[in-house]
Amino acid sequence: MTRNMYRTHDCNSLRKSDIGKQVALAGWVNVTRDHGGVIFIDLRDREGLTQIVFRPEENAQLAKQAHTLRSEDVIQVSGKVAARLPGTENPNLGTGDIEIIPSELKILNRADDLPFPIDAEPHNEDLRMTHRYYDLRRPRFARNLRLRHAVAKATRDYLDSQGFVEVETPILSKSTPEGARDFLVPSRITPGKFYALPQAPQQYKQLLMVAGVERYFQIAKCFRDEDLRADRQPEFTQIDIEASFVTPDNIFAVTEGMLAAIFRATRNIEIKIPFDRVTYREAVDRYGSDKPDRRFEMELVDLGEIFRESGFKVFRSALESGGVVKAINAKRFAGITIGQADELTEIAKLYGAKGLAFIKIENGEWKSPIVKFFSETEKEALQSKLKIEEGDCVFFGADKWEIACEVLGRLRLRIAEMQKFTPVAEIWDFLWVTDFPLFEWSSEENKWNAMHHPFTRPKAEDMPLFSEKKFPEVRAEAYDVVLNGVEIGGGSMRIYEPELQDKMFETLGISPENRQTQFGHLLRALHLGAPPHGGIALGLDRLVMLIAGEQSIRDVIAFPKNNRSVDMMSSSPAEVDPRQLRDLGIRLASNKRDA
RNA sequence: GGAGUCUUAGCUCAAUUGGUUAGAGCGCCGCCCUGUCACGGCGGAGGUUGCGGGUUCGAGCCCCGUAGACUCCGCCA
């Protein structure tokens with residue numbers, strides 16, 4: 001590929017051993033260093049940099065031309081590889097021992113004044129996104145795109161080796177009432193009807209199991225019309241996997257093997273498998289999160305026994321009304337500033353606490369307005385249970401279990417940030433979170449919703465609870481895979497019995513008529529010999545983001561959208577020609593400009 | 001739907017308590033410079049301080065509104 005009329009080598013391939021060769025290179029002018037006489041050009045292509053030297057005494061015509069070069073001009077250079085003058089080698093460059101003495105310079109294209117410097121980190125993200133094709137020239141993004149490719153390739157290679165078949169499923173599919181808001185696509189041929197873009201290939205992959213594919217995967221684009229975050233895009237990519245006649249252990253093993261293959265291929269790292277497993281209950285209890293970041297300690301400690309009979313009414317009454325008292329010990333955080341304390345209090349309130357009590361241990365003294373309510377026995381018990389030492393800062397949560405855990409879990413993460421927790425070495429802490437609740441109560445809709453999705457099966461041992469309609473206690477055969485506190489995937493064993501699926505729909509408040517219109521195909525499929533099956537889907541964008549060490553999935557997507565779902569570069573979404581709407585039988589309800 | 005932060009030259013930022021002609025570095029243009037690698041030196045151009053309104057003798061700065069960006073909450077089965 002590199003040898004053609006434009007070039008014989010890439011810009012990171014010439015070494016000492018090539019000295020004397022006649023070569024051609026092509027690329028972008030990374031930087032010019034024009035000394036009036038001698039001119040240095042760093043030529044850049046996707047592989048690296050090579051220095052070109054123009055000397056007026058050798059070729060005045062070329063030097064004159066080179067003098068006009070500016071950053072990001074596209075040029076082609078032919079010439080001879082030469083050793084750099086002794087003492088002027090650049091050890092920071094792979095090609096630092098050599099330079100090119102050109103005999104020919106072709107200016108293929110000139111660049112205008114640049115929207116931002118390519119070597120600095122512009123903070124203005126909309127400017128970057130507007131000129132994304134230019135932004136992507138920066139080595140960091142060239143690296144990220146190639147990393148993403150390597151992850152996808154390792155995924156395909158591994159799953160292929162395990163007998164999985166990649167099957168494409170429709171992008172134009174059907175809207176379903178459960179889950180996220182759908183993107184809709186109007187049908188021209190059937191006016192008034194709409195396709196929906198898939199939120200995930202969930203139903204199709206289950207139908208492929210009924211079809212006897214047995215082991216399916218797909219690197220699938222998914223679409224959800226919800227508000228965005230740094231780690232959420234309206235369209236994103238999943239590594240989607242499903243298999244028949246399997247148990248969760250089989251899915252865990254294939255996922256672990258695949259992730260191991262990915263880390264081997266991209267980072268040459270052997271990750272530790274199998275991953276630890278914790279139940280949802282334990283994760284929330286100990287870390288205040290269903291996606292625990294275990295790279296640092298600061299676990300939630302239950303203080304129920306200590307304060308059951310306490311004279312401190314706030315704690316005692318929380319326990320008496322069925323709640324919990326829990327705490328985290330932030331080591332060496334007694335120096336907390338007023339601003340930090342205020343922020344943590346805000347966080348506590350945001351997640352439902354009435355306030356935030358904390359104790360600073362400074363100069364051997366426990367500093368807090370609540371300490372005076374504690375007995376000596378309580379203080380001693382606290383000290384030993386939380387391993388309190390000089391310089392620590394202890395934060396309390398007294399509330400319903402869910403609220404106390406979530407509040408302390410959020411504080412735990414924020415405090416770790418405030419303490420500038422940075423792991424000494426790269427840590428890849430994978431774990432499985434299992435036994436999620438099957439249902440969650442929606443106070444907004446006043447009904448039970450599926451926590452994962454409506455096709456998730458209850459755990460076999462919880463079937464009786466399901467029959468007894470003890471819905472909050474029913475656990476699902478569902479699991480998430482978590483990496484460094486980020487949920488990178490989740491899945492479940494599916495319901496394959498039509499009767500059980502009907503019972504599930506019934507619990508979710510989906511009427512028999514709606515079941516038929518919305519899920520009829522799936523229900524019929526379950527009646528035609530559906531095998532037991534289950535699977536998982538991993539967020540490719542998030543996974544690549546973590547491997548790349550990026551903070552946002554936008555940095556590992558070639559053309560992402562901003563947090564209002566706008567592509568700043570192409571200005572989409574955009575208005576369309578009225579004739580297009582007429583063809584679709586669509587009339588806009590209102591024209592914003594009239595407002 | 002809600003909260004917070006931000007918006008000054010092409011880019012990154014500054015401008016004291018509301019007070020002179022809104023500055024600096026990079027980039028750009030011109031001149032000089034023959035071994036640099038973020039080359040260097042001298043000079044120059046470049047601004048409706050996001051937009052609209054208000055308070056004031058006077059607003060980049062204070063107030064109200066509005067637009068946009070980013071982060072978060074809700075939402076994301």
Side-chain angles (χ1 to χ4, degrees), chain A residues 30-44 49-58 60 63 67-68 70-72 82 84-93 95-96 99 111-131 176-182 199-200 202-203 222-234 236 343 346-347 349-352 406 410 414 436-440 442-445 447-456 476 478 487 490 492 504-505 508 510 537 539 551-552 554 562-564 566 568:
Chain A
N30 199 57
V31 67
T32 66
R33 291 179 294 278
D34 186 341
H35 291 247
V38 67
I39 300 161
F40 299 98
I41 304 284
D42 284 347
L43 187 64
R44 185 193 74 238
L49 296 174
T50 300
Q51 176 165 283
I52 319 291
V53 192
F54 295 90
R55 295 196 190 95
E57 70 273 19
E58 283 172 358
H67 181 70
T68 70
R70 294 290 172 269
S71 292
E72 300 307 313
R84 291 200 185 184
L85 297 185
T88 67
E89 300 88 353
N90 185 345
N92 302 320
L93 284 184
T95 59
E99 58 198 10
D112 282 351
D113 290 354
L114 303 171
F116 53 86
I118 206 164
D119 52 352
E121 189 59 34
H123 293 135
N124 198 338
E125 200 169 337
D126 51 329
L127 187 77
R128 280 178 43 204
M129 289 305 165
T130 305
H131 304 274
T176 51
E178 296 283 310
R181 194 177 293 113
D182 286 313
Q199 297 174 24
Q202 181 60 35
Q203 292 183 49
C222 304
F223 306 86
R224 294 177 190 177
D225 189 8
E226 297 290 351
D227 287 350
L228 275 54
R229 293 284 189 282
D231 61 352
R232 269 165 29 191
Q233 283 276 302
F236 61 99
E343 190 191 330
E346 283 306 308
I347 292 174
K349 286 181 179 167
L350 185 62
Y351 291 97
E406 169 151 40
R410 296 282 179 168
R414 187 65 189 115
F436 278 84
L438 185 60
F439 299 105
E440 60 188 349
S442 166
S443 47
E444 204 173 291
E445 299 168 85
K447 73 180 202 67
W448 290 102
N449 280 338
M451 189 155 178
H452 188 52
H453 56 55
F455 317 113
T456 301
E487 180 199 327
S492 65
M504 188 73 187
F505 283 143
L508 298 175
I510 302 172
Q551 301 295 311
S552 168
R554 287 172 210 170
N562 73 5
N563 68 355
R564 286 179 56 243
V566 171
M568 297 290 287

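Just so we're on the same page: letters track the sequence lines, and every chain starts at 1. Computed over heavy atoms, backbone and side chain alike; hydrogens, waters and symmetry mates excluded.
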How far does the P atom of G60(B) sit from the matching atom of A22(B), given to the nearest Å?
10 Å

Report, one pair per line, the protein and nucleotides 68-73 of chain B atoms (nitrogen or oxygen only) whose separation is under 3.5 Å.
residue: A69(B); atom: OP1; partner: N562(A); partner atom: ND2; Å: 2.7
residue: A69(B); atom: OP1; partner: R564(A); partner atom: NH1; Å: 3.4
residue: A69(B); atom: OP2; partner: R564(A); partner atom: NH1; Å: 3.0
residue: C70(B); atom: OP2; partner: N563(A); partner atom: N; Å: 3.4
residue: C70(B); atom: OP2; partner: N563(A); partner atom: OD1; Å: 2.3
residue: U71(B); atom: OP2; partner: R554(A); partner atom: NH1; Å: 3.2
residue: U71(B); atom: OP2; partner: R554(A); partner atom: NH2; Å: 3.1
residue: C72(B); atom: OP2; partner: A230(A); partner atom: N; Å: 3.3
residue: C73(B); atom: OP1; partner: R410(A); partner atom: NH1; Å: 3.4
residue: C73(B); atom: OP2; partner: R229(A); partner atom: NE; Å: 2.8

(request) Would you check if F116(A) stacks with the base of C11(B), given a 5.5 Å centroid limit and a 30° plane limit, both strict? (result) no

Do any side-chain nitrogens or oxygens of R70(A) fall under 4.0 Å of OP1 or OP2 in C29(B)?
yes

Rounded to whole Å, the CD1-P distance (I118(A) to A38(B)) equals 16 Å

C57(B) -> Watson-Crick or G-U wobble partner, both distances under 3.5 Å, gives G19(B)

Checking N1-N3 plus N6-O4 or O6-N4 for Watson-Crick, or N1-O2 and O6-N3 for wobble, each under 3.5 Å, the partner of A38(B) is none

| task | For C32(B) and A69(B), measure between their P atoms and round to the nearest Å. | result | 47 Å

Measure distances between side-chain N and O atoms of N90(A) and base N and O atoms of C37(B), and say whether any donor-acceptor pair falls under 3.5 Å.
yes

Rounded to whole Å, the CD-P distance (E346(A) to U5(B)) equals 12 Å

Whole-Å distance, D42(A) CG to A38(B) P, equals 9 Å

Re G46(B): Watson-Crick or G-U wobble partner, both distances kept under 3.5 Å, found to be none

| Taking the C1' atom of each, how far is A38(B) from G47(B), in whole Å? | 27 Å

Closest non-hydrogen atoms of F223(A) and F236(A), given as atom of the first, atom of the second and distance, are N-CE2, 4.4 Å

Which donor-acceptor pairs under 3.5 Å do side chains of residues 34-41 of chain A form with protein atoms, sequence neighbours excluded?
residue: D34(A); atom: OD1; partner: G36(A); partner atom: N; Å: 2.8
residue: D34(A); atom: OD2; partner: H67(A); partner atom: ND1; Å: 2.3

Partner of G4(B) under the Watson-Crick or G-U wobble criteria, both distances under 3.5 Å, comes out as C70(B)

What one should report as the nearest heavy-atom pair of R84(A) and E89(A) is CD-CA, 4.1 Å

Rounded to whole Å, the CG-P distance (N449(A) to C75(B)) equals 11 Å

**R33(A) with D42(A): basic N within carboxylate O range, under 4.0 Å** = yes

All heavy atoms of T95(A) vs all of L49(A), minimum pair found to be OG1-O, 2.5 Å

If pairing means Watson-Crick or G-U wobble with both distances under 3.5 Å, then the partner of G52(B) is C64(B)

In whole angstroms, the gap separating C1' of C37(B) from CZ of F40(A) amounts to 8 Å

Name the nucleic acid region contacted by P454(A), choosing base, sugar-phosphate or nothing; use a 4.0 angstrom heavy-atom cut-off, strictly under.
base

Of E406(A) and R84(A), the one whose nearest nucleotide on RNA chain B sits closer to the 5' end is R84(A)

Between L508(A) and A450(A), the two heavy atoms sitting closest are CD2-N, 3.4 Å

When rounded to whole Å, the CG to P distance for the pair D113(A) and A9(B) reads 16 Å

Using atom P in both nucleotides, what's the gap between C62(B) and G2(B) to the nearest angstrom? 24 Å

Correct closest heavy-atom pair for S552(A) and A230(A) would be OG-O, 3.2 Å

With heavy atoms under 4.0 Å as the rule, sort E57(A) into base, sugar-phosphate or nothing. base

Strictly under 3.5 Å: I want the nitrogen or oxygen pairs between protein and nucleotides 31-33 of chain B, one per line.
residue: C33(B); atom: N1; partner: H35(A); partner atom: O; Å: 3.4
residue: C33(B); atom: O2; partner: H35(A); partner atom: O; Å: 3.3
residue: C33(B); atom: N3; partner: D34(A); partner atom: O; Å: 3.4
residue: C33(B); atom: N3; partner: H35(A); partner atom: O; Å: 3.3
residue: C33(B); atom: N3; partner: G36(A); partner atom: N; Å: 3.1
residue: C33(B); atom: N4; partner: G36(A); partner atom: N; Å: 3.3

Rounded to whole Å, the NE2-P distance (H131(A) to C11(B)) equals 9 Å

Can you establish whether the number of heavy atoms outside E57(A) located under 6.0 Å from its atom CD is more than 12?
yes

Using the P atom as the point on both nucleotides, what is the distance between G46(B) and G23(B), in whole Å? 13 Å

Ignoring backbone atoms, establish whether R33(A) has a side-chain N or O less than 4.0 Å from OP1 or OP2 of U36(B).
-> no

Separation between CE (M129(A)) and CG (N562(A)), nearest 0.5 Å, reads 8.5 Å

So CZ of R229(A) and CZ of R554(A): to nearest 0.5 Å the spacing works out to 10.5 Å

Comparing nearest nucleotides in RNA chain B, the 5'-proximal residue of the pair Q202(A), E89(A) is E89(A)

Spacing of the C1' atoms in U16(B) and C29(B) (rounded, Å): 35 Å

Write down the distance separating the C1' atoms in C28(B) and U71(B), rounded off to the nearest Å. 34 Å

Rounded C1' spacing from A59(B) to C64(B) in Å: 15 Å

Under a 3.5 Å limit on both distances, the Watson-Crick or wobble mate of C11(B) is G25(B)

Heavy-atom closest pair (P454(A) atom, M504(A) atom, distance to 0.1 Å) is O-CG, 3.2 Å

- Item | Cationic N near anionic O, under 4.0 Å, R232(A) to E226(A) | no

**Message:** Students often get this wrong, so: under 4.0 angstrom with heavy atoms, is E445(A) touching a base, only sugar-phosphate, or nothing?
**Reply:** nothing

